[in-house]
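All remarks here apply to the structure that follows.
Note: hydrogens, waters and symmetry copies are ignored here, and every other heavy atom, side chains too, is used.
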Amino acid sequence: RHEGIDIPVAVTVAAGDPDDLLALVDRIDAALHGWRPAGTGWLAGPLRRPPGYEAPVLVDDTVSPERPYVPLQYVTTVHTT
């Protein structure tokens with residue numbers, strides 16, 4: 001087993017209104033935090049939030065109506081087998 005490397009994982013969550021957005025962020029975070037991606041020839045540790053990262057609520061004003069979104073960030077450590 002080789003020394004692992006940290007791989008960032010980004011997920012953008014968007015919804016029609018702030019209440020729906022925050023509920024969706026909670027559901028996605030519950031599903032992804034701690035999940036271990038898998039593949040042939042490599043092992044990954046559980047997804048974790050980067051230390052100190054606070055996901056901001058942003059607004060996409062390039063669409064009409066404007067749409068709130070949150071860029072979630074996670075990191076996993078991957079090792080080859």
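Between the side chain of Thr77 and the backbone N or O of Gly45 there is no donor-acceptor pair closer than 3.5 Å. The backbone N or O of Arg48 lies less than 3.5 Å from no partner atom in the side chain of His33, so there is not a single donor-acceptor pair.
Exactly one residue among Pro50, Pro51, Pro46 makes a side-chain contact (heavy atoms from CB on, under 4.5 Å) with Val75. That residue is Pro50. Residue Val13 is tested with Leu22, Val25, Asp29, Asp26 for a side-chain contact (heavy atoms from CB on, under 4.5 Å); the sole match is Val25.
Ile7 and Val11 fall into different hydrophobic clusters, where Ile, Leu, Val, Met, Phe, Trp and Tyr side chains are chained together by heavy-atom contacts under 4.5 Å. Placement of Trp42 and Trp35 in two distinct hydrophobic clusters is found when ILVMFWY residues are connected by side-chain heavy-atom separations under 4.5 Å, directly or transitively. Linking ILVMFWY side-chain heavy atoms closer than 4.5 Å, directly or via other members, places Val57 and Leu72 in a single hydrophobic cluster.
Minimum heavy-atom separation, Pro71 to Ala55: O-CB, 4.0 Å. Ala44 approaches Pro37 most closely through the heavy-atom pair CB-O, 3.4 Å.
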Exercise for review: List the steps and the verdict of side chain to side chain contact (heavy atoms under 4.5 Å, CB included) for Tyr74 and Arg49.
Suggested key: CA-CA 5 Å; Tyr74 301 91; Arg49 291 177 214 92; 4.2 Å; yes
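The CD1 atom of Ile5 lies 9.0 Å from the OG1 atom of Thr80; values are rounded to the nearest 0.5 Å.
For Arg67, the salt bridge (Lys or Arg N to Asp or Glu O under 4.0 Å) test picks out no residue, with sequence neighbours left out.
Counting heavy atoms from C-beta on, the side chains of Val78 and Leu43 never come closer than 4.5 Å. Taking the side chain as every heavy atom from C-beta outward, Val70 and Leu58 never approach each other to under 4.5 Å. Looking at Pro56 and Tyr69, their side chains never come closer than 4.5 Å, going by heavy atoms from C-beta outward. Residues Leu32 and Ile28 meet the side-chain proximity criterion, which asks for heavy atoms closer than 4.5 Å.
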